[in-house]
Amino acid sequence: EEEMMKRFLATACLLAAFCLGAGAQGSVSRDYEFVQYLLGSDLAADAATLLSGKDYAPSDTLDFLKGWTLFTLKKLDEATQQFDKLRPGSPFYDRALFYNVVSNANLGRLDRSRELLDMYSGPYCEVERLERAGIALLQGSPDTYLQAAEGFSYSDFNLSGSEQALDRI
C-alpha cells in the first residue's frame, strides 16, 4: 500500500510538472532534487519518464541525470552514452566518469574502463585507484592491482570497506 501511495504521488507530481511546463523549454536543474528523490525511492522508471517526456534545454545536468537514471535501471549501454557526453570542467564530470567506468566494466568493456581511468586527473584519486584495482582484478592482473592498491588510505569511510574487501581477494 505504501508503494502504491509513492507511485500515486510521483505520478501526480509528474502530471503537475508536465502541465505547468507544457510547451516551454526549461532547465532540468529545477527538477534535480525531485529526480534524486525518485531515484532514491526506487522510482527510476518515473525519473526516466520525467526526463524524456519534458522539453528540457540541453545541459550537463540533463545528460548526467539521464545517465544516472539509466544506470539505476541497469540500462548500462545507454547510460555510458549519456556519461560520455560530460567533459572535464562539468560539475558532474567526476561522478559521471566513475559511473561510466563501472557501467563499461559490467558490460565486459574493461579496456574502455581502463581508458576512462587513464584520462582522469581530478581530485578523487582514491576512488580512481579503487576502480583501477577492481578492473585489474577482473583482468587477472595482480601486479596492476598491487600498484593501484598502494594508493589505498583506508581513511575514507565510504571507500574503506571496498578497499578492505579487495585486499581480501
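Side-chain atoms are counted along with the backbone in the values below, which use heavy atoms only and exclude waters and symmetry mates.
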Legend entry - Spatial distance of atom CZ (Arg114) from atom OG1 (Thr144) [nearest 0.5 Å]: 8.0 Å
Inset, instruction - List the steps, then state whether side-chain contact (heavy atoms from CB on, under 4.5 Å) holds for Asp167 with Tyr154. - result: CA-CA 11 Å; Asp167 281 344; Tyr154 307 98; 2.2 Å; yes
Legend entry - Side chains of Asn104 and Arg112, donor plus acceptor under 3.5 Å: no
Inset, instruction - Group every Ile, Leu, Val, Met, Phe, Trp and Tyr by side-chain heavy-atom contacts under 4.5 Å, then state whether Phe98 and Leu110 land in the same group. - result: yes
Legend entry - Spacing of CG belonging to Leu159 relative to CZ belonging to Arg129, to within rounding of 0.5 Å: 11.0 Å
Inset, instruction - Decide yes or no for Leu70 and Leu76: does some side-chain heavy atom of the first lie under 4.5 Å from some side-chain heavy atom of the second? - result: no
Inset, instruction - Would you name the heavy atoms of Ser103 and Ala79 that are closest together and state the gap between them? - result: OG-CB, 4.4 Å
Inset, instruction - Using atom types as modelled and distance alone, determine if a side-chain donor or acceptor of Ser113 lies under 3.5 Å from a backbone N or O of Ala105. - result: yes
Legend entry - Which atom of Val102 lies closest to which atom of Glu131, heavy atoms considered: CG2-OE2, 3.4 Å
Legend entry - Check: Thr49 side chain, Ala45 main-chain N or O, donor-acceptor pair, under 3.5 Å: yes
Legend entry - Donor-acceptor pair, side chain of Ser153 and main chain of Ser155, under 3.5 angstrom: yes
Legend entry - Path from Tyr99 to Tyr32 over hydrophobic side-chain contacts below 4.5 Å: yes
Inset, instruction - Could you check if a side-chain atom of Gln82 sits within less than 4.5 angstrom of a side-chain atom of Phe71, using non-hydrogen atoms only? - result: no
Legend entry - ILVMFWY cluster, Leu117 and Leu86 together (side-chain gap under 4.5 Å): no
Inset, instruction - Answer yes or no: are there more than 12 heavy-atom neighbours, outside Gln164 itself, under 6.0 Å from its atom CD? - result: yes
Inset, instruction - Give the minimum heavy-atom separation between Tyr145 and Phe152, together with the two atoms involved. - result: OH-CE1, 4.2 Å
Legend entry - Rounded distance (nearest 0.5 Å) linking atom CG of Leu65 with atom CG of Leu51: 5.5 Å
Inset, instruction - Give the cluster check for Leu107 versus Leu97: same hydrophobic cluster or not, with ILVMFWY residues linked at side-chain heavy-atom distances below 4.5 Å. - result: no
Legend entry - Approximate separation, where rounding is to 0.5 Å, of Gln36 CD and Thr69 OG1: 10.5 Å
Inset, instruction - Answer yes if Leu73 and Val35 sit in the same cluster of Ile, Leu, Val, Met, Phe, Trp and Tyr residues linked by side chain heavy atoms under 4.5 Å apart, and no otherwise. - result: no
Legend entry - Considering all heavy atoms, the nearest Leu62-Pro58 contact: CD2-CA, 4.5 Å
Inset, instruction - Answer yes or no: is there a side-chain heavy-atom contact under 4.5 Å between Asn100 and Gln81? - result: no
Legend entry - 4.5 Å side-chain heavy-atom contact, Glu163 and Glu126: yes
Legend entry - Carboxylate-amine/guanidinium proximity below 4.0 Å for Arg87 and Asp63: no
Inset, instruction - List the steps, then state whether side-chain contact (heavy atoms from CB on, under 4.5 Å) holds for Leu50 with Tyr56. - result: CA-CA 10 Å; Leu50 175 66; Tyr56 289 117; 3.7 Å; yes
Legend entry - Exercise: identify the closest heavy-atom pair between Leu166 and Gly134: CD1-N, 4.1 Å
Inset, instruction - Evaluate side-chain contact (heavy atoms from CB on, under 4.5 Å) for Asp111 paired with Gln139, printing each intermediate quantity in order. - result: CA-CA 9 Å; Asp111 289 338; Gln139 289 181 314; 3.4 Å; yes
Legend entry - Reference residue Leu116; test side-chain contact (heavy atoms from CB on, under 4.5 Å); the match among Val101, Thr80, Ile135: Val101
Inset, instruction - May I ask you to test the Thr61-Ser27 pair for a side-chain heavy-atom distance under 4.5 Å? - result: no
Inset, instruction - Would you kindly say whether Asp60 and Ser90 are connected by a side-chain donor-acceptor distance under 3.5 Å? - result: yes
Inset, instruction - If the plane angle is over 60° it's perpendicular, under 30° parallel, otherwise tilted; pick one for Tyr120 and Tyr93. - result: parallel
Inset, instruction - Take Arg109 and Asp77 through the side-chain contact (heavy atoms from CB on, under 4.5 Å) test and state the conclusion after the steps. - result: CA-CA 10 Å; Arg109 300 189 296 227; Asp77 196 43; 3.0 Å; yes
Inset, instruction - Name the orientation class of the two ring planes belonging to Phe92 and Phe64 (parallel below 30°, tilted from 30 to 60°, perpendicular beyond 60°). - result: parallel
Inset, instruction - Over all heavy atoms of both residues, which pair between Tyr124 and Asp94 is shortest? Give the atoms and the distance, please. - result: CE1-OD2, 3.4 Å
